[in-house]
Amino acid sequence: MRIIHTSDWHLGRQFGPMSLRADQEAFCDWIVELCQDQEAELVVVAGDLFDRAIAPVESIELFRTTVRRLLDQGVMVAAITGNHDGADRVVPHGDLLDLSRFYLRGGYHGVGGVVSIDASDGPLDLVLLPFLDPQAAPDDFGEVTGGGEPLDVDADADTDELVDRRQRRTHRSVLEVACAQASGRLAAPRSLAVAHAFVAGGESSDSERQLVVGGTGEVPVDLFEPFSYTALGHLHRPQTVAGKENVRYSGTPLAYSFSEEHAKSVAVVDMDPEGASTVETIPVDVGRPVRRLTGPIDELLDPARHPDAHNCFVQATLTDRSTVLDAKTRLAEVYPWVVEVRLRAAELSDEASDAPTDVTDLSTIDVTRLFYEAAEGAPPDSAADEVLVGAVTRATAEVDR
Ligand SMILES: [Mn+2]
């Protein structure tokens, strides 16, 4: 069977002040068409369906119509909530939707369960592992002992033990329980796990929100050992984990931060009836890429210099020593999608302020020169130095008077 693995659609997200609505709609059209062209049987969305817990109404509508179009085409859909989603709002009808072959899970309800699917070439066990907030775990949620066995939960456990157990919980410990429970229930010769997690060894971008406050929230890759293929969400860059072809992040369909200059793609997974899979990544050719440009403003304003950045979201870092007026307005004439303008000189002065120099033995003019260098990113040239010397001489003369 052919599975299309995607994640982190983040519907409703903006790029800085720019709306991504048209790009997200274009991606939804694209995925519907891709499934038709590829004759896919199942589409996976591995968490962060929406960008925030209370998603805009038009994003909810876009998700609903996209799933509807896929189901109408005869494609099954499996989706879980991520750390951005409001699980309680997304999934109240979860198991009802199973009837239409839309498998949606979030939060702790039904976690550790297995959904048996009849695919065209045989059965598949689907294990849906949404982002599990350790602090939100029900009190009777188990623990895994050293041997990987879920601990029996004693309903009469005293309060101290419950408090201890709550404090011990980490993203790793709750996911371990869920994986152990699910793997004990596997029945088909093959399985597909869908999880939203930060698996140790993965490479992050600037647009993921930390899974848990404090600690790293990392989980070890061997949690997913029992499953034939693990479709991961959370990290926004497409990648395999720990060199395993069958444990993979699809990455986001669109670039959501300037750290994502890499190409975006979805993973097309062909799985045989025994669970062996081959994977091909298909680049997503809709949506606006991102570009980081660095240089003096005159260089960046030359339209021949970076013609490929014209249609990108642009972050411009200006290296000019002197003040640049109206930089963003001027850059927008060449790069209509410029989002952010940064000043390198300002960055340099930030760096300089990290390393304070002992100025007690320096003359007033030398301290002034140091200040100039920190503010402008370079020592004063002779003309600037003449002005500084003049100003300092006059100021100190006035103080002495
Ligand atoms: Mn995400």
Side-chain angles (χ1 to χ4, degrees), residues 4-16 18-21 23-24 27-28 31 43-56 59-60 62-63 66-67 77-91 104-107 128-134 136 171-172 174-175 193-213 215-219 224 230-241 247-267 281 284 287-290 313:
I4 303 220
H5 166 197
T6 75
S7 78
D8 297 86
W9 290 14
H10 284 272
L11 298 181
R13 193 181 177 93
Q14 306 238 122
F15 199 111
M18 309 284 193
S19 169
L20 286 170
R21 190 172 167 179
D23 296 40
Q24 295 189 325
F27 167 72
C28 289
I31 194 86
V43 171
V44 169
V45 193
D48 287 352
L49 318 173
F50 301 106
D51 191 52
R52 49 183 195 267
I54 301 180
S59 305
I60 295 172
L62 177 60
F63 188 69
T66 306
V67 171
V77 179
I80 57 170
T81 54
N83 56 316
H84 279 248
D85 297 301
D88 296 340
R89 286 168 192 275
V90 174
V91 299
L104 178 64
R105 296 291 185 276
L128 298 171
L129 301 162
F131 167 66
L132 299 172
D133 180 352
H171 188 228
R172 174 181 175 160
V174 292
L175 197 56
V194 181
H196 194 84
F198 188 170
V199 182
E203 190 187 344
S204 58
S205 310
D206 289 341
S207 52
E208 296 106 359
R209 185 193 294 160
Q210 270 199 316
L211 284 178
V212 290
V213 177
T216 61
E218 281 187 23
V219 302
F224 304 108
T230 301
L232 291 168
H234 180 55
L235 296 184
H236 289 182
R237 174 191 295 272
Q239 57 196 294
T240 56
V241 181
V247 182
R248 186 181 283 267
Y249 285 97
S250 63
T252 52
L254 303 168
Y256 290 138
S257 69
F258 284 113
S259 65
E260 296 167 66
E261 285 178 292
H262 52 265
K264 293 300 184 180
S265 56
V266 299
T281 56
V284 178
R288 202 172 292 290
V290 294
F313 287 124

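Note that ligands are numbered from 1 as they come in the structure, with each ligand's atoms numbered from 1 the same way.
- The Mn ion (ligand 1) has D8 OD2, H10 NE2, D48 OD2, H236 NE2 as its protein N, O or S neighbours under 2.8 Å.
- Counting heavy atoms from C-beta on, the side chains of H171 and V219 come closer than 4.5 Å.
- Between H10 and the options F27, Y256, F50, a ring pair (Phe, Tyr, Trp, His ring centres under 6.0 Å) holds for only Y256.
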Worksheet entry | Residues T81, F131; criterion side chain to side chain contact (heavy atoms under 4.5 Å, CB included); working and verdict | CA-CA 6 Å; T81 54; F131 167 66; 5.6 Å; no
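- Within the 6.0 Å centre-distance limit, the rings of F258 and F15 are counted as a close aromatic pair.
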Discussion item. Apply side chain to side chain donor-acceptor pair (under 3.5 Å) to residues S257 and S205 and explain how you reach the verdict.
Written reply: CA-CA 8 Å; S257 69; S205 310; 5.3 Å; no
Worksheet entry | Step-by-step side chain to side chain donor-acceptor pair (under 3.5 Å) determination, T252 to H236 | CA-CA 5 Å; T252 52; H236 289 182; 4.9 Å; no
